Amino acid sequence: MSSNITICFVILLVIYSIPYPSFSSFLAPIVKDHTKHHHTLKLSLQNPPQPKQLLLDLGGTLSWVDCTTTSHFITCNSSICHALSSSQGPICTSNNCNIQSTNSLTKKPFVVKVLVDSLELPLTDGRNPGQLKEVNEFVLSCSDRGILKKLPKNAAGLAGLSRSNLSLMAQVSKRFALPKVFALCLSGSVSAQGVGFFGTRGPYFFLPEIDLSKYLNYTPLLSISSNQYLINVTSIKVNGKPLQLNQTSLTVDQNGAQLSTTSPYTVLHTEIFEALIDLFERESAVLDLTIRPPVEPFGLCYNADDLLMTRTGPAVPTVDLVLGHDDVFWRIFGVNSMVRILRRDVDAWCLGFVDGGDEPTYSIVIGGHQMEDNLLQFDLQTQRLGFTSSVLVHNTMCANFNFTTNINVS
Ligand SMILES: *[C@@H]1O[C@H](CO)[C@@H](O)[C@H](O)[C@H]1NC(C)=O
Ligand SMILES: *[C@@H]1O[C@H](CO)[C@@H](O)[C@H](O)[C@H]1NC(C)=O
Ligand SMILES: *[C@@H]1O[C@H](CO)[C@@H](O)[C@H](O)[C@H]1NC(C)=O
Ligand SMILES: *[C@@H]1O[C@H](CO)[C@@H](O)[C@H](O)[C@H]1NC(C)=O
Ligand SMILES: *[C@@H]1O[C@H](CO)[C@@H](O)[C@H](O)[C@H]1NC(C)=O
């Protein structure tokens with residue numbers, strides 16, 4: 001009897017001491033483009049796998065590639081085309097399956113050919129990349145009508161990461177029964193890559209051993225648009241003081257503020273843009289900075305020499321995007337609010353927000369520069385956005401992900 005118990009105990013001990021294979025999700029490195037300030041996702045397509053860089057697009061229904069680089073078109077009577085028909089309605093031309101698709105470069109929906117190809121991504125435990133895994137029959141699109149010209153030079157296509165159930169994340173999550181979540185950590189550096197995680201709510205480890213999922217705050221994703229990620233920015237504060245906006249014509253944004261990785265800087269309705277510059281200038285007065293003629297497309301610039309550097313960039317007033325409640329805000333420090341312009345005759349730091357005119361679709365479009373070195377988690381199951389604000393505060397950065405492959409992650 002007692003030996004039975006001992007055996008049981010030993011068996012239990014053995015079971016518990018076997019390291020469980022760490023539960024895996026996926027990742028992809030994210031590269032920043034020097035010239036257009038775009039970010040591209042590095043992954044492999046086709047069989048045998050070809051490395052590709054695809055422009056990261058939070059507004060893209062489907063991923064997109066050039067039609068000449070691929071061959072696996074699907075027919076109208078295939079089961080994949082039938083599955084699409086319930087949501088989008090395919091358009092058949094000579095038994096080729098086509099659908100309407102949108103992305104941030106063309107803005108308007110346009111007809112694309114549907115195709116399937118192999119996608120290959122590394123698994124991850126949130127710490128390192130692991131073995132590569134193939135996602136066969138990954139649905140993507142192509143069109144002959146060129147959006148190629150609008151792509152940064154290093155991009156062979158576009159990675160669609162909108163709320164659509166055909167997005168890269170949605171397909172990967174569905175295939176492997178992972179949560180419908182992805183997280184982006186865009187690197188502020190052009191020489192060191194950031195990272196995107198697919199199908200996991202964390203951990204997200206960055207050197208030295210910092211799990212950024214612990215620092216997330218959350219705000220609801222508004223469901224006004226089926227495709228875009230929108231959040232409820234109810235006020236903007238500079239050094240804690242709210243912008244005075246014309247409340248009758250503009251609560252900060254009735255439509256929600258859009259998140260856009262294809263917009264290099266945050267774009268504001270003219271009235272918000274002007275109010276921000278005005279308040280920022282007043283709040284900076286105590287710093288005794290020299291204002292210089294603004295450099296396009298910005299509206300407020302300072303001589304670079306006058307600014308003190310801190311861990312979170314130049315020491316300037318903070319800009320807070322208040323999200324529904326006074327105590328929920330996305331804090332923007334100098335490193336994300338200011339842009340260094342360094343040319344032969346200019347050395348300036350400019351407030352990195354641009355004027356979107358007085359009739360924009362969204363009065364706030366949060367752009368790439370403001371997202372860099374912030375971890376953003378897009379959760380389509382709980383319909384909320386997790387955000388950390390600058391991760392530099394936590395003594396790490398998006399370029400600190402350890403890209404050394406650990407083959408035990410499988
Ligand atoms: C689809 O159409 C092709 C030719 O039009 C035919 O050969 C094939 O059997 C059809 N497949 C299905 C699943 O109906
Ligand atoms: C996408 O969602 C629609 C409705 O929500 C559903 O009918 C369709 O089957 C889904 N498509 C895929 C590929 O999951
Ligand atoms: C505020 O908006 C209203 C309605 O559009 C307009 O009549 C008024 O002149 C605006 N006030 C200011 C200070 O811009
Ligand atoms: C945004 O937040 C405000 C304040 O909490 C709330 O009154 C408003 O309904 C919210 N808007 C949306 C679209 O959720
Ligand atoms: C990066 O990851 C590898 C593989 O797990 C590990 O051996 C190495 O020590 C890590 N690097 C640092 C700086 O922690």
Side-chain angles (χ1 to χ4, degrees), residues 19-30 42 121-133 163 185 187 189 191-195 197 200 202-214 217-237 240 242-260 268-269 272 320-331 360-366 378-380 382-387 391 394-410:
Y20 271 97
S22 37
F23 183 74
S24 286
S25 46
F26 294 87
L27 68 72
I30 300 175
K42 260 166 81 171
L121 290 172
L123 291 163
T124 186
D125 55 356
R127 237 176 240 282
N128 292 102
Q131 291 178 17
L132 293 167
K133 194 153 178 97
R163 293 161 58 111
C185 204
S187 172
S189 154
S191 54
Q193 54 199 15
V195 59
F197 299 95
T200 172
Y204 311 120
F205 278 104
F206 290 77
L207 297 172
E209 198 62 18
I210 291 165
D211 175 12
L212 289 178
S213 68
K214 294 209 176 89
N217 291 302
Y218 298 95
T219 188
L221 285 169
L222 307 181
S223 51
I224 298 166
S225 149
S226 59
N227 218 33
Q228 303 290 349
Y229 297 99
L230 306 171
I231 54 174
N232 190 7
V233 176
T234 42
S235 99
I236 298 177
K237 292 181 177 176
L243 298 192
Q244 297 303 321
L245 298 169
N246 187 344
Q247 296 299 327
T248 53
S249 66
L250 202 73
T251 65
V252 164
D253 198 330
Q254 293 101 330
N255 290 330
Q258 184 196 357
L259 290 142
S260 169
L268 302 172
H269 184 290
I272 305 178
D320 293 341
L321 305 178
V322 181
L323 299 161
H325 305 277
D326 263 350
D327 54 349
V328 183
F329 53 86
W330 175 342
R331 173 149 291 178
T361 312
Y362 299 102
S363 43
I364 302 174
V365 179
I366 302 170
F378 299 81
D379 194 327
L380 288 177
T382 59
Q383 295 294 342
R384 61 183 190 172
L385 175 79
F387 60 98
V391 305
H394 307 298
N395 294 313
T396 188
M397 54 187 183
C398 290
N400 275 11
F401 186 76
N402 184 348
F403 277 106
T404 308
T405 299
N406 178 351
I407 53 151
N408 296 325
V409 177
S410 55

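Because only heavy atoms are used, hydrogens play no part in the values below, and waters and symmetry mates are left out as well, while side chains stay in. Start at 1 and go down the list; that is how both ligands and their atoms are numbered. Source: prediction; values computed, not measured.
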Fill in the blank from the handout: Among Asn128, Asn402, Asn406, the residue with a heavy atom nearest to atom 10 (C) of ligand 5 is Asn402
Handout entry: Proximal atoms of ligand 4 relative to Thr234 (non-hydrogen, under 4.0 Å)
Key = 1 (C), 2 (O), 3 (C)
Handout entry: Side chains of Val365 and Gln228 in contact at under 4.5 Å (non-hydrogen atoms)
Key = no
Problem - Side-chain heavy atoms of Tyr229 within contact of Leu385, under 4.5 Å - result: no
Fill in the blank from the handout: Tightest non-hydrogen contact, residues Ser213 and Pro203, listed as OG-CA, 3.9 Å
Fill in the blank from the handout: Logged contact type for Ile224 with ligand 4, heavy-atom cut-off 4.0 Å, is neither
Fill in the blank from the handout: Numbered in order shown, the ligand 5 atoms found under 4.0 Å of a heavy atom of Leu207 are 12 (C), 13 (C), 14 (O)
Problem - Thr405-ligand 5 polar pair, N/O distance under 3.5 Å - result: no
Exercise for the section: Mind running side-chain contact (heavy atoms from CB on, under 4.5 Å) on Arg163 and Leu380 for me, showing each step along the way? Expected result: CA-CA 7 Å; Arg163 293 161 58 111; Leu380 288 177; 3.9 Å; yes
Handout entry: Per atom 13 (C) of ligand 4, closest listed option by heavy atom (Ile231, Leu222, Leu323)
Key = Leu222
Handout entry: Note, Ile366 side chain near Ile231 side chain (heavy atom, < 4.5 Å)
Key = yes
Exercise for the section: Just need the protein heavy atom nearest to atom 11 (N) of ligand 4, so name the residue and atom and give the distance. Expected result: Asn232 ND2, 2.8 Å
Exercise for the section: Begin from the C-alpha positions of Gln193 and Ile30 and carry the test side-chain contact (heavy atoms from CB on, under 4.5 Å) through to its verdict. Expected result: CA-CA 5 Å; Gln193 54 199 15; Ile30 300 175; 5.8 Å; no
Practice task
Classify the angle between the aromatic ring planes of Phe206 and Phe197 as parallel (below 30°), tilted (30 to 60°) or perpendicular (above 60°).
Solution key: perpendicular
Fill in the blank from the handout: Gly324 heavy atoms within 4.0 Å reach ligand 4 at atoms 2 (O), 4 (C), 5 (O)
Exercise for the section: Give a yes or no on whether atom 5 (O) of ligand 4 lies under 4.0 Å from any heavy atom of the protein. Expected result: yes
Practice task
May I ask you to check whether Thr404 has an N/O atom sitting below 3.5 Å from an N/O atom of ligand 5?
Solution key: no
